[in-house]
Protein chains: 2
Amino acid sequence: MPHFTLYALTGHWGPNPIKVAAFLEQFGFDYHVKLLDMNSTDKETGVKGADYLEVCPNGRTPALIDHKNNDFIVWESGAILQYLANKYDTEGKYGGKTPEEKAIIDEWLFFQATGLSVPQGQLFYAKTSWKGKYDEDAPKNVIRRFSDELQRVLAVFEQQLKKQTEKHGGERAWLALDRITVADFTTLAWLGLLPNYGEPLEVDLAKFPYIAKYIERCEALPAVKAVRAQIKH
Amino acid sequence: MPHFTLYALTGHWGPNPIKVAAFLEQFGFDYHVKLLDMNSTDKETGVKGADYLEVCPNGRTPALIDHKNNDFIVWESGAILQYLANKYDTEGKYGGKTPEEKAIIDEWLFFQATGLSVPQGQLFYAKTSWKGKYDEDAPKNVIRRFSDELQRVLAVFEQQLKKQTEKHGGERAWLALDRITVADFTTLAWLGLLPNYGEPLEVDLAKFPYIAKYIERCEALPAVKAVRAQIKH
């Protein structure tokens, strides 16, 4: 029995399960990935099926089961990262050593979850899935609304990464602190989509050089490579 | 000098600053509210003005300054609640006493921030502000998309509050644990909008009896009353 079971989506896994998988790899934890089918209500394999709704009442991935802690269940990627940090990173290397470090990490953790994922996710849906769902092209102002907001939010990340680079140097320019933290694991999974999905997302990374460098550094992490390798097969 | 400065929006404050204000009231902390003008770039009074962007690079409220901790600044309402809990609630009454309690609190904290506020906020915008911004009625499928999702998410809250009521009794049926936690402070500010904005949000609280009771109990809290009283004047 592996230490953890992680739930993700069949095929691409989804950015939120990837956050957790990369963090588990960083720790060197042993985990099993259980894949669920998107939009399916199949009892055993559906993300909206009865079995998974017992694990996660929201019917979304990821969720994590900790088999070495009485099969403790936690869902919501932000909560999972915090649980792993609180439970297994007792020195606060990734989760923060003081309330002040924790606060800076949490700022960027929540900003990714609420600020970045909304326009990026909604814009991607509008460009790729709206027509299949609603039998019309996505209205132009829907695209405008979420594209404008995505550009604004990316500029906030760009500015922060520039600041961090000037303060700590390029190799230690992580999002929250001068070392990699849960704020980076939550963010790399979403920003990491930009090189492949720049076109539907209307994002030209040449305009965000600090983000582009950050993505390169994140993708070069052994933990991230290990996750991407599993998804490709 | 009060212990804290809290930034909120002129007029209604906004649900996210209200989360923080209610939690500060619960602790009995002394705080000053600095109001900023929405959409304004005025240097001193604008939420997108130069002065406030120094405090919060995202140009959104709330942000909090802790004057008894070297004017330490924290922004993102979820991060602020966690900071207050980590720094001042050292026994974990509101933030959780164990990694497992913290995980359950975090699940609902993140679910509010990412699950509830997106459809509720987007639907409210579509119904009340879309026309002013884009010079057209909000497209019907925008309304359908966020209304469907809001109903789905509210059903998840309803089911959880039902479970908590059956497990702990009506008076201790808080969202995450059998006592009030930061998960409730984050949620009460958003669910608390439903009685006044049920019509634009297309939410009939008669269909969500556990949520309706929960809102009543939250609004009856002295901490919440103290906040609402300040906003009304």
Side-chain angles (χ1 to χ4, degrees), chain A residues 16 53 56-60 64 66 69-70 72-88 90 96 98-100 102-111 113-115 117-118 121-122 125 130 133-136 138-142 144-145 152-153 155-156 159-160 163, chain B residues 16 56-60 64 66 69-70 72-88 90 96 98-100 102-111 113-115 117-118 121-122 125 130 133-136 138-142 144-145 152-153 155-157 159-160 163:
Chain A
N16 292 329
L53 288 174
C56 171
N58 188 33
R60 294 232 168 152
L64 188 78
D66 185 345
N69 185 18
N70 301 309
F72 184 75
I73 294 169
V74 53
W75 48 278
E76 277 289 329
S77 59
I80 297 171
L81 294 175
Q82 298 278 28
Y83 168 73
L84 290 170
N86 286 328
K87 184 85 184 174
Y88 295 104
T90 47
T98 62
E100 292 74 22
K102 282 178 199 289
I104 298 167
I105 293 167
D106 282 347
E107 279 173 359
W108 294 99
L109 185 66
F110 276 96
F111 181 56
T114 65
S117 71
V118 178
Q122 295 294 334
Y125 186 91
W130 192 283
K133 171 86 177 178
Y134 300 112
D135 201 24
E136 63 171 20
K140 71 176 192 315
N141 284 328
V142 169
R144 181 175 155 199
R145 174 167 174 72
R152 187 191 75 76
V153 165
V156 177
Q159 184 197 25
Q160 171 68 4
K163 260 193 194 170
Chain B
N16 292 329
C56 172
N58 188 33
R60 293 228 167 154
L64 187 77
D66 185 344
N69 186 18
N70 303 309
F72 184 75
I73 294 170
V74 52
W75 48 279
E76 275 289 329
S77 59
I80 297 172
L81 294 175
Q82 298 278 30
Y83 168 73
L84 291 170
N86 285 329
K87 184 87 183 174
Y88 295 105
T90 47
T98 62
E100 291 75 22
K102 282 178 199 287
I104 299 167
I105 293 167
D106 282 347
E107 279 172 359
W108 294 99
L109 185 67
F110 276 95
F111 181 57
T114 64
S117 71
V118 178
Q122 295 294 335
Y125 186 91
W130 192 283
K133 171 87 177 176
Y134 300 111
D135 201 23
E136 63 171 18
K140 70 175 193 316
N141 285 328
V142 170
R144 181 176 155 200
R145 174 166 173 72
R152 187 191 75 76
V153 165
V156 176
F157 279 105
Q159 184 196 24
Q160 171 68 4
K163 261 194 194 169

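Being a predicted model, the structure only gives us computed values, none of them experimental. Each chain gets a letter, A, B and so on, in the order the sequences are listed, and its residues count up from 1.
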Hey, is the main chain of B:Glu76 close enough, under 3.5 Å, to the side chain of A:Glu107 for a donor-acceptor pair? no
Just verifying a value: how many Å separate A:Lys133 NZ and B:Arg145 CZ, rounded to the nearest 0.5 Å? 8.0 Å
Proximal component of A:Tyr134, with respect to chain B [non-hydrogen, under 4.5 Å]: both
For B:Arg60, which atoms come within 4.5 Å of any heavy atom of chain A: side chain, backbone, both, or neither? side chain
Is it the backbone or the side chain of B:Val142 that comes under 4.5 Å from a heavy atom of chain A, or both, or neither? both
Listed partners of A:Glu136 passing side chain to side chain donor-acceptor pair (under 3.5 Å), at least two apart: A:Trp130, B:Asn141
Rounded to the nearest 0.5 Å, how far apart are CG of B:Asn58 and OG1 of A:Thr114? 7.5 Å
Here the pair of heavy atoms bringing B:Ala79 nearest to A:Ala103 is CB-O, 4.2 Å
Can you list everything that forms a side chain to side chain donor-acceptor pair (under 3.5 Å) with A:Trp108? Sequence neighbours excluded, please. none
B:Gln159 portion near chain A, given a 4.5 angstrom heavy-atom threshold: side chain
With rounding to the nearest 0.5 Å, note down the distance linking NZ in B:Lys87 to NZ in A:Lys102. 12.5 Å
Can you tell me how far the CD atom of A:Gln122 sits from the CD atom of B:Gln122, to the nearest 0.5 Å? 6.5 Å
Check A:Val156 against B:Pro57 and note the closest heavy-atom contact, atom names and distance. CG2-O, 3.8 Å
Ranking B:Arg152, B:Gln160, B:Arg144 by heavy-atom pairs under 4.5 Å to chain A gives rank one to B:Arg152
Which bit of B:Asp66 comes within less than 4.5 Å of chain A, counting heavy atoms only: side chain, backbone, both or neither? neither
Do the rings of A:Phe110 and B:Phe110 sit parallel, tilted or perpendicular, given the 30° and 60° boundaries? parallel
Given a strict heavy-atom distance threshold of 4.5 Å, which part of A:Val118 is in contact with chain B: side chain, backbone, both, or neither? side chain
Pick one of side chain, backbone, both or neither for B:Ile80, based on which atoms fall under 4.5 Å of a heavy atom in chain A. neither
Value for CD1 (A:Ile104) from CH2 (B:Trp75), rounded to nearest 0.5 Å, stands at 10.5 Å
Chain A shares the most heavy-atom pairs under 4.5 Å, among B:Ile105, B:Ile73, B:Asp106, with B:Asp106
